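Single-structure report; data block below.
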2 protein chains.
Amino acid sequence: MESVASAPGKTILFGEHAVVYNQPAIAAAVDKRAIVTIKDNPKGVTTFRSDDLGFEAELDTRKKTYKLIKGKPGIIRYVLEILNKWHDEHTPIDVKLSLNIPIGSGLGSSAAVTVATLAALYNYTGFPFNKRVLANEAHKIEQSVQGMASPLDTAVSTFGGLVYLSREKEISKFNTDIKSNFVIGYTNKKGNTGQIVKSVKFLKNKHPRILDSIIKTIGKATDEAKDALMTDNNSKLGELMNINQGLLDSLGINTYELSRMIYTARGNGAIGAKITGAGGGGSILALVPKNAEKVFNALKVEDNALIAKITQKGALAKVRE
Amino acid sequence: MESVASAPGKTILFGEHAVVYNQPAIAAAVDKRAIVTIKDNPKGVTTFRSDDLGFEAELDTRKKTYKLIKGKPGIIRYVLEILNKWHDEHTPIDVKLSLNIPIGSGLGSSAAVTVATLAALYNYTGFPFNKRVLANEAHKIEQSVQGMASPLDTAVSTFGGLVYLSREKEISKFNTDIKSNFVIGYTNKKGNTGQIVKSVKFLKNKHPRILDSIIKTIGKATDEAKDALMTDNNSKLGELMNINQGLLDSLGINTYELSRMIYTARGNGAIGAKITGAGGGGSILALVPKNAEKVFNALKVEDNALIAKITQKGALAKVRE
C-alpha cells in the first residue's frame, strides 16, 4: 500500500510580531508544497528519505533516534515526533519527502512537512481524520519539537487559501480573487526567531506607550488588509504592506539586507513590499501585479528569490492499494 | 561702520511630518553657522557676496532684482526680501556671507542666513530688537520667500539650544547635558518637501485610521524624547530615534539611499539614526556617543557627511565703529 499526502507552504501577509500581543494576523497558502509518500518497508527498517534535500536515514521511532545514511536532515525531528506518537514501531515503513519549499525561505517548510506527513500516516494506518483534527495535531507536533509554535502555520498548510487569526485566537478562512504574484526574497543570514521576539518584548518594556500604539496600529493595518483582500483591492493591499513594513522597522526587527531587498523589489515594480515572518534576517514578501520575473531577477543578483501565488489547495491525501 | 551677526543651523530631532498634523516637534541648534557682515559701500552700489559659496552680485533692493557677477546665489532671495523690507535703498551697503552650513544638508541654511542677515541689518540701522522680534520677523521673511515655512527653523537659529514646538504651536526652549556628537549624512538627491508633505496627506486620506495612529505615535515618541534629552538619557534617545525612523518609513517618505545611510551609521557605532527633515532624499541624523569619525568616514564613502554638536549659542550680533 502507498499513501501519499501533500501540504502547501505559507507566507505571513500581515501581523507578524503584533500577533504575539493578541493582534490579528493573516497568512496565505502558496503554491509550493511538501509531498510525503509512505510505503511498507519489506526489509524491516523504517526509513526517511528526501532526494530534494539529499538525505537518507534509518529511524528508531520509539527512541526518536536515527542513523544517518547521507545529508543533514534537520526536518527529521518532525517526522520522528509524528512516528513516535502515531506509528506502530513494529510495522516498518519508508517515508519519502519531496519538497519544493526552500528551507529558510520563511515559507513554513516544517509546518507543510508536518501536515503532509501526518495526513499520509493517518491514511496509511486508516486513522479517521478531518482537516480540523489534522491542523490541531500538526500544531501539537510543532509545539513538541519547537517548544513554541504558531497555530497559524499548520492551519494554513492544512486548510489552504487565506487564513485570519483573530484577536481571540480564532482561525477562520476567507477568500480573495487577487491573482497577483508574490515574490519572496530571502537572505542566507537567518534571524533567530526566539531572540527577535524577545528583543521586541524588551523594547516594549522600555517604551510601553509607544510600542503598544505601534502594535495596535499593525492590528488595524491587518484588518484593513483583510478588507483589501476580500474586495480584491490590489493597490490598497500594496500600500498597507508598505505601511506595515515601516511599523515592523520601528520594532527594531529590520536589517540592512531586508531593507535592501525591499527597495530592490519596489524599484522593480512591486507595489508593496515588507518583511514576512520574524525579521532580523530572513524573508521579504513583495506584491507584484505585473512582470514578477523582473523583481525575481533583481532579487537574485544578491539574494535568493522565488515567485509564488496564493493557492486554495490545502492538505491533500490519497491511498493507492 | 561694520555690523556682524551670526546664527546657527538647526537639525530636526523629532516630529517631522507629524508637526503638520499638530503633533509636537523638537529641533536643536548645531555648531555650524551663518555669519553676515554689513558695511557701507563707498561706491554707491549694494552688493551681496559669499566667498564660501563662490558668488557675488549687485542688488537692486527696491525691485528685488540683482545683477550676477559670479556663481548661483539661491540664498539671495532671502537677502533681497530683507533689504527690500528693512533697508533704505539710498544707503548702499556690502553684505558678506560666510557659511559653514552645507546647503542641502538639511541644517536649515536659509533660516540661519535670514536670522543673521536680519540681526546684522537691525544693528547696522540701529533698529532696536530682541530675540523674539528677530525670530518672528525671520519667520515672516521665510514665509514671503517660500510661501510656507515652519517657525521652528528660525526660532532655533535665533534662540539656540533645544526648542520644543508644542501641539498648540507654542515654542519653548529646554536644556540637555547630552554631549554626544551627531553625525549628519546627506545625499545629493534632494526630496521636494512640498511634494513629500502632500504624499503623506494623500496616504492619510486613503488610510485615515492607520495614519492617525502613526502620527500620534510619533507625537508620543517626541514627548518621550524630550524627557530623554532633559534627563540626559543617551540610550533612550537613540532608541526613540530608531523607533521614529520606522514610523517615518511607514509614512512612505524613506528612500533606499536614506535607508542605506541609516544602516551605515548604525553599523559603525550610532546608537540611533533617523531621517531628519522631510525625507524622500535629503538627510539622516545619527546619534554617536563615541568615535563619531568612524560614522562620518563610513558615510563619506558614498554620500556627504558632517559632525555636529548641539550648541546653546543662538543669534549673536555686534557692531564695530
Side-chain angles (χ1 to χ4, degrees), chain A residues 14 17 199-200 202-225 227-228 233 235-268 272-275 279, chain B residues 14 17 199-200 202-225 227-228 233 235-268 272-275 279:
Chain A
F14 283 84
H17 287 289
S199 76
V200 173
F202 186 68
L203 195 67
K204 188 169 177 291
N205 286 339
K206 285 173 108 173
H207 306 280
R209 267 178 10 120
I210 295 172
L211 272 277
D212 279 349
S213 292
I214 294 170
I215 287 162
K216 281 185 186 146
T217 309
I218 294 176
K220 285 180 196 173
T222 302
D223 282 335
E224 292 206 8
D227 283 349
N233 191 335
S235 67
K236 186 177 169 186
L237 186 67
E239 283 164 11
L240 290 164
M241 287 173 72
N242 290 336
I243 292 171
N244 196 348
Q245 167 57 21
L247 296 171
L248 286 168
D249 180 287
S250 73
L251 299 179
I253 63 137
N254 199 5
T255 65
Y256 171 66
E257 289 77 16
L258 291 168
S259 179
R260 184 190 62 207
M261 286 196 285
I262 281 164
Y263 281 105
T264 299
R266 290 180 187 161
N268 285 282
K274 64 181 276 292
I275 292 166
Chain B
F14 283 84
H17 287 287
S199 75
V200 174
F202 186 69
L203 195 67
K204 187 168 177 290
N205 286 339
K206 286 173 109 173
H207 306 280
R209 267 176 12 118
I210 295 172
L211 272 278
D212 279 350
S213 292
I214 294 170
I215 287 162
K216 281 187 186 146
T217 309
I218 294 176
K220 285 181 196 172
T222 302
D223 282 334
E224 292 206 8
D227 283 349
N233 190 336
S235 68
K236 187 177 169 188
L237 186 67
E239 282 163 10
L240 290 164
M241 287 173 73
N242 290 336
I243 291 171
N244 195 349
Q245 167 57 21
L247 296 171
L248 287 169
D249 180 287
S250 73
L251 300 180
I253 63 137
N254 199 5
T255 66
Y256 171 66
E257 289 76 17
L258 290 168
S259 180
R260 183 190 63 207
M261 286 197 285
I262 282 163
Y263 282 105
T264 299
R266 290 180 187 161
N268 285 282
K274 65 181 275 292
I275 291 165

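All chains are named by letter (A, B, ...) in the order of the sequence lines, taking the proteins before the strands, and each is independently numbered beginning at 1. Note that the structure is a prediction, hence the values are computed from the model and not measured.
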Proximity breakdown for A/D212 and chain B, heavy-atom pairs closer than 4.5 Å: neither

Which atoms of B/T264 approach chain A - backbone, side chain, both or neither, heavy atom under 4.5 Å: neither

Side chain / backbone / both / neither for A/L203 at chain B, heavy atoms under 4.5 Å: side chain

Under the salt bridge (charged side-chain N to carboxylate O under 4.0 Å, His left out) test, residues paired with A/R260 that sit two or more places apart: A/E302, A/D303

B/K220 and A/S213: side chain donor to acceptor below 3.5 Å: yes

Main-chain N/O of A/I275 paired to A/Q245 side chain as donor or acceptor, under 3.5 Å: yes

For chain A, the option from B/I262, B/L251, B/I214, B/N254 that forms the most heavy-atom pairs under 4.5 Å: B/N254

Chain A interface, residue from B/I218, B/L240, B/L211 that has the most non-hydrogen pairs under 4.5 Å: B/L240

Qualifying residues under salt bridge (charged side-chain N to carboxylate O under 4.0 Å, His left out), relative to A/D227, sequence neighbours excluded: none

Smallest separation among heavy atoms of B/T222 and B/F14, with atom names: OG1-CB, 3.6 Å

